[in-house]
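First up is the structure itself, then whatever we jot down about it.
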There are 2 protein chains.
Amino acid sequence: MEMKAEIKNRLAALRQKMEMHQLSAFIVPSTDPHSGEYVPEHWETRKWISGFTGSAGTAVITLDDAGLWTDSRYFIQAEEQLEGTGIRLFKDRLPETPSITEWLGSILKKGDKIGIDGWVNSHQEAHALQNGLAENGLILETMTEDIFDTLWEDRPNLPETPVFILDETHTGASCTEKIARIQEAIAKNGASAIILSALDEIAWTLNLRGSDVHCNPVFISYLLISKEGHTLYIMEEKITDEVRAYLESQQVKIKTYSRLAENLFTFKDNHEGVLQISPLANEALYDLSSRYAETIIAPSPVALMKAVKNETEQDGFRKAMERDGVALVKFLRWLEEAVPAGNESEVSIDKKLYDFRAEQADFRGISFDTIAGYKEHAAIVHYEATPETDIPLKSEGLLLLDSGAQYLDGTTDITRTIALGPLTEEEKTDYTLVLKGHLQLQNAHFPAGTCGTQLDVLARLAMWKCGINYMHGTGHGIGHFLCVHEGPHQIRMNHMPTPLEPGMIVTDEPGIYKAGRHGIRIENTLLIVPAQETEFGKFYKFEALTLCPIDKKAIVTEMLTDEELAWLNEYHQMVYARLCPWLNAEEKEWLKEATNPIKR
Amino acid sequence: MEMKAEIKNRLAALRQKMEMHQLSAFIVPSTDPHSGEYVPEHWETRKWISGFTGSAGTAVITLDDAGLWTDSRYFIQAEEQLEGTGIRLFKDRLPETPSITEWLGSILKKGDKIGIDGWVNSHQEAHALQNGLAENGLILETMTEDIFDTLWEDRPNLPETPVFILDETHTGASCTEKIARIQEAIAKNGASAIILSALDEIAWTLNLRGSDVHCNPVFISYLLISKEGHTLYIMEEKITDEVRAYLESQQVKIKTYSRLAENLFTFKDNHEGVLQISPLANEALYDLSSRYAETIIAPSPVALMKAVKNETEQDGFRKAMERDGVALVKFLRWLEEAVPAGNESEVSIDKKLYDFRAEQADFRGISFDTIAGYKEHAAIVHYEATPETDIPLKSEGLLLLDSGAQYLDGTTDITRTIALGPLTEEEKTDYTLVLKGHLQLQNAHFPAGTCGTQLDVLARLAMWKCGINYMHGTGHGIGHFLCVHEGPHQIRMNHMPTPLEPGMIVTDEPGIYKAGRHGIRIENTLLIVPAQETEFGKFYKFEALTLCPIDKKAIVTEMLTDEELAWLNEYHQMVYARLCPWLNAEEKEWLKEATNPIKR
């Protein structure tokens with residue numbers, strides 16, 4: 001209960017601050033100034049103020065009440081962690097749950113002011129919030145100072161780890177070239193300057209990497225690109241002499257991270273023309289920009305540039321996938337013997353997989369937290385095994401393993417579902433349905449201009465005929481030694497208009513999840529490549545980058561069409577040919593068996 | 001050249017009017033006040049002023065110049081018809097062609113006024129035009145009087161043909177019920193009144209039909225639905241005593257068509273609350289409504305209600321399809337003998353098909369102008385055979401036949417491509433690719449919430465793998481004894497968000513068109529029906545409504561999967577079973593042969 005009392009103290013301190021600022025409520029989201037998927041500890045204010053440690057949730061504190069909105073993944077955990085703190089749990093996305101703005105509208109009076117920290121809400125979110133509050137007669141007050149700085153005494157510092165240069169032999173294009181392309185792109189919007197705030201966009205543009213964010217090799221910073229010169233706003237502790245010299249050579253000045261705001265005050269004195277800001281940039285940045293510069297809101301052109309990999313990056317991915325495939329083959333071969341021997345669990349095999357990958361050249365850590373879900377655990381889509389949930393693996397049922405790594409030459413993301421022993425008929429049927437969808441998408445051809453939404457059905461059609469569906473997307477982009485999830489293209493049921501283009505990377509990961517029974521997913525990472533050009537225009541197809549056998553033991557061969565069977569056998573033949581040179585005799589033999597063609 | 005001189009006189013007369021109104025240009029579109037696909041002669045002002053008789057095109061007349069924008073289907077025809085009139089041809093959708101507003105911007109001076117007749121431009125179009133003109137410094141002037149009324153001396157009158165009642169045994173729901181549903185729907189937008197202007201929506205709501213528009217059993221009118229009472233604005237000549245009594249019984253008053261405008265002037269005196277107008281309603285109607293009533297713009301709820309057929313309508317469709325199928329079987333059997341005998345042509349077989357259909361009960365004409373395209377003619381997607389283009393049919397190559405009929409219990413739309421004799425390998429391969437796509441879509445299952453864009457790829461995937469595509473949609477809705485094209489759902493490459501729901505009707509019509517060689521399309525009309533409900537929600541599938549054999553002679557059997565072959569054989573078995581009872585012995589025998597299962 002000590003922690004719960006502490007939360008109450010924190011809430012009381014925040015309420016004092018709120019009264020000083022004449023705020024009737026304060027909203028604390030899970031996001032940070034750079035709209036990333038993972039948030040450095042320094043910005044985990046929502047965890048600090050509420051005691052709820054889940055990755056997604058928004059705390060709302062009024063002068064005499066408080067609520068926390070989170071989704072179904074976290075209902076049980078939140079209930080437990082919020083108990084005794086005076087913060088109510090609002091179960092997000094249930095029909096009976098009011099939205100944040102509805103709730104505030106029902107307990108506050110017209111004209112009351114609601115505060116947010118502009119630095120940790122995107123312009124787009126803040127704009128939506130403002131509209132929602134206005135509908136309820138309330139006023140949004142965006143603060144551009146961090147209200148928690150004085151409240152949170154032992155607040156973790158921003159990481160001071162150094163950034164490093166990613167060589168052009170890996171990136172295939174210089175920073176100068178990339179900046180020139182960005183300037184050309186923004187000029188089409190009539191802009192002559194842009195501030196980048198998405199960390200992966202900055203890392204890509206500068207050919208630099210860091211280690212500030214869990215699993216993502218990025219570094220906390222802003223980048224101003226303008227006719228008058230380019231400036232990287234970053235904590236100077238992070239800049240080595242080598243990086244300083246490199247940035248100088250690329251005409252990029254360095255200023256300390258916190259000076260961005262004051263530099264914006266005098267933007268017009270030092271810059272001509274229009275400043276472009278992304279709708280995903282934080283609201284404080286937008287607010288300052290639009291006050292002190294002529295500003296236009298437009299999506300950052302870097303998202304699309306970064307998504308289309310150049311030939312060097314594509315080759316890098318192919319090499320990284322070979323090394324990742326070798327690690328996976330070694331792991332799978334080990335697993336086959338380790339499970340019957342006993343003593344292995346969801347957590348222990350994750351460690352082993354890490355070790356196999358760490359042996360590979362240019363390994364730089366994992367690209368996301370491994371999902372190792374055995375039997376019914378795999379039906380929980382975002383399951384992460386912890387010492388508390390961990391279960392031992394036996395010689396039966398299905399193990400779902402979704403993992404990935406960062407290498408200097410590429411980022412990997414692969415899911416295999418492995419039969420550890422005898423399976424039920426339902427497990428086999430579901431496995432084969434997932435495999436059919438996976439193969440149908442991987443082997444599609446499509447004309448220029450096609451977007452992911454149009455292809456999504458290919459991964460689902462077989463299971464739809466059996467009344468089965470999965471509620472996550474089918475595919476996402478992947479960064480080049482960057483974030484494992486990136487846009488702007490996606491393959492999913494809801495409409496994503498960005499067309500798929502050669503050079504883009506996208507995953508192919510259909511799944512079937514049956515609560516209390518099993519979870520199945522088969523995921524390869526694909527590269528979009530040209531297929532042919534005819535009187536009807538350009539057509540594209542996919543090259544499978546991921547090199548790892550798909551477990552044949554769970555397949556109901558009769559459910560595959562001749563075409564599907566041929567595709568699977570061809571894929572396996574390629575996996576064998578590409579990985580062979582890196583394996584010893586025993587491993588080769590194991591892989592030979594694992595990739596032997598299935599015959600009718 | 002007499003006509004060309006006449007056009008010049010008409011332009012001169014229009015320019016005098018324009019000067020009176022201080023207009024620097026006048027834009028004449030192809031549309032009418034009710035945004036229909038076909039336009040009654042009375043509103044064919046664009047044809048009258050320009051001499052260009054194509055179905056699509058916009059004339060723009062300035063004080064000393066004039067232009068006509070039309071698409072590639074009409075380039076040759078327009079060039080011929082415009083020659084010597086002083087009207088230039090602008091080839092629409094070519095990169096080098098300026099848009100109307102760009103052209104006007106380049107030849108007029110800032111602040112010049114451009115006139116349109118508000119009655120024949122939709123609010124949505126007028127709004128877009130206004131923005132386009134404003135970008136070029138020009139001002140849109142919307143007129144609410146018909147400037148052509150005094151210019152066009154022998155202008156055709158509006159049709160005075162009578163409307164008639166469609167019995168509830170056909171419609172399955174009374175006018176009163178439908179109006180109550182509409183009132184409930186607009187109340188959700190905070191509206192208490194709505195003006196319907198789409199003719200098929202009015203016909204559906206009132207359970208009335210007419211014959212004012214080519215192929216479409218609708219009648220020219222507006223319908224006001226309000227708390228204070230409902231009024232049909234229609235030329236009273238069209239109302240028989242029976243219809244008058246019927247409308248009275250449904251609490252619908254009748255006022256003459258032209259009185260709508262003056263009734264809007266006093267709207268507030270006679271009505272309480274908000275008036276809803278569709279963005280597709282004409283601009284004059286919007287203009288008057290927003291001036292004299294509190295107005296909101298929202299899509300008409302009738303479009304969706306009308307698209308989801310009730311059980312009576314569904315049964316009606318099934319019966320109409322049986323009769324249509326019988327006519328088609330008789331026709332196809334006749335064709336098989338008539339072509340080798342000589343003397344048949346694209347035009348002559350269309351007449352024969354009409355005669356077979358006209359023998360069927362409850363036939364009420366065709367639902368669109370038949371497309372009968374032989375060999376390379378079929379590659380022209382909107383080909384319509386005329387005495388000038390007509391060619392004789394020989395015992396070789398492919399004949400594409402896209403036709404449909406209106407019956408009291410349903411509207412039909414079917415395309416078959418028929419092998420008249422020996423085919424090239426390319427013709428057979430392309431035919432089989434189209435068939436594969438057709439079957440894949442027809443046999444899909446999909447969860448509730450799926451929209452047409454998500455399924456479109458199923459009809460295209462096989463041909464995409466061969467570098468082939470078609471540039472039209474894959475499927476459209478069909479009215480119940482109404483327009484053969486209706487929304488709001490569609491199946492096409494570009495995004496159409498309306499989900500497919502049980503009761504909706506949609507066509508399945510992939511095609512391959514190779515200029516100068518051949519055109520192939522296979523089209524069935526499908527009904528969306530429930531498939532199953534599982535732990536993953538509701539799933540839907542398609543019931544094929546169209547009953548007519550698909551020509552087996554052009555199929556490359558080895559290109560079909562086992563599943564596709566089984567689907568085709570099952571479909572043919574159903575066609576035989578359903579049509580048999582209505583055929584004589586010789587016809588039965590022919591159909592038996594045409595629907596016999598294909599074996600490997």
Side-chain angles (χ1 to χ4, degrees), chain A residues 379 430 433 436 440-441 443-471 474 491-497 499 512-517 530-541 558-565, chain B residues 379 430 433 436 440-441 443-471 474 491-497 499 512-517 530-541 558-565:
Chain A
D430 288 350
L433 290 174
K436 283 170 82 75
Q440 285 291 344
L441 178 58
N443 292 283
H445 289 211
F446 51 93
T450 303
C451 68
T453 313
Q454 293 174 256
L455 300 183
D456 176 80
V457 62
L458 300 176
R460 300 182 194 261
L461 188 64
M463 63 178 79
W464 281 359
K465 287 187 180 172
C466 299
I468 304 173
N469 200 10
Y470 53 94
M471 297 319 290
T474 299
I491 300 180
R492 53 191 314 132
M493 289 195 287
N494 37 340
H495 186 53
M496 295 282 149
I512 292 181
Y513 311 94
K514 291 187 168 169
R517 283 175 282 172
Q532 61 176 322
E533 189 164 354
T534 70
E535 59 184 302
F536 298 96
K538 288 182 176 156
F539 288 79
Y540 307 142
K541 63 181 179 180
E558 308 80 66
M559 285 173 61
L560 298 181
T561 65
D562 292 346
E563 204 177 31
E564 288 163 352
L565 198 60
Chain B
D430 288 350
L433 289 174
K436 283 170 81 75
Q440 285 291 344
L441 177 59
N443 292 282
H445 289 213
F446 51 93
T450 303
C451 69
T453 313
Q454 293 173 257
L455 300 183
D456 176 80
V457 63
L458 301 176
R460 299 180 194 263
L461 188 64
M463 64 178 80
W464 281 0
K465 287 187 180 173
C466 298
I468 303 174
N469 199 9
Y470 53 94
M471 297 319 290
T474 298
I491 300 180
R492 53 190 313 132
M493 291 195 286
N494 38 338
H495 186 53
M496 296 281 149
I512 291 181
Y513 311 94
K514 290 187 168 168
R517 283 174 281 171
Q532 61 176 322
E533 191 164 354
T534 69
E535 58 183 303
F536 298 96
K538 288 182 176 157
F539 288 79
Y540 307 142
K541 63 181 178 181
E558 307 79 66
M559 285 173 60
L560 298 181
T561 65
D562 292 346
E563 203 177 31
E564 288 162 353
L565 198 60

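Values in this document were obtained by computation on a predicted structure and should not be read as measured data. Reminder, nothing fancy here: chain letters follow the sequence lines and each chain counts from 1.
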In this structure, CG of A:Asp562 is separated from CG of B:Asp562 (nearest 0.5 Å) by 6.5 Å

Residue part contacting chain A, namely of B:Cys451, when any heavy atom lies under 4.5 Å: neither

Which region of B:Thr561, side chain (C-beta onward) or backbone (N, CA, C, O), has a non-hydrogen atom less than 4.5 Å from a non-hydrogen atom of chain A, or is it both or neither? neither

Region of [X] in contact with chain B, defined by heavy-atom distances below 4.5 Å:
X        : value
A:Ala531 : neither
A:Leu461 : side chain
A:Tyr540 : neither

So, using salt bridge (Lys or Arg N to Asp or Glu O under 4.0 Å) as the criterion, who are the partners of B:Lys514 when residues are at least two apart? B:Glu426, B:Asp430

So, does B:Lys436 use its side chain to make a donor-acceptor pair with the main chain of B:Met559 at under 3.5 Å? yes

Using side-chain heavy atoms (C-beta onward) and a distance below 4.5 Å, is B:Ile512 in contact with B:Asn469? no

Check: B:Tyr513 and B:Met471 side chains under 4.5 Å, non-hydrogen atoms: no

Under a 4.5 Å cutoff for heavy-atom pairs, which residue among [options] has the most contacts with chain B?
options                                : value
A:Lys465, A:Glu563, A:Arg460, A:Met493 : A:Lys465
A:Glu535, A:Glu533, A:Gln454, A:Gln440 : A:Gln454
A:Ile468, A:Asn494, A:Asp456           : A:Ile468

Taking all heavy atoms of A:Leu455 and all of B:Trp464, pick out the closest pair and write down the distance. CD2-CZ3, 4.0 Å

Looking at B:Lys538, B:Lys541, B:His495, which one has more heavy-atom pairs under 4.5 Å with chain A than the rest? B:His495

Considering residues at least two apart in sequence or located in another chain, which fulfil the side chain to side chain contact (heavy atoms under 4.5 Å, CB included) criterion with A:Gln532? A:Thr534, A:Phe539

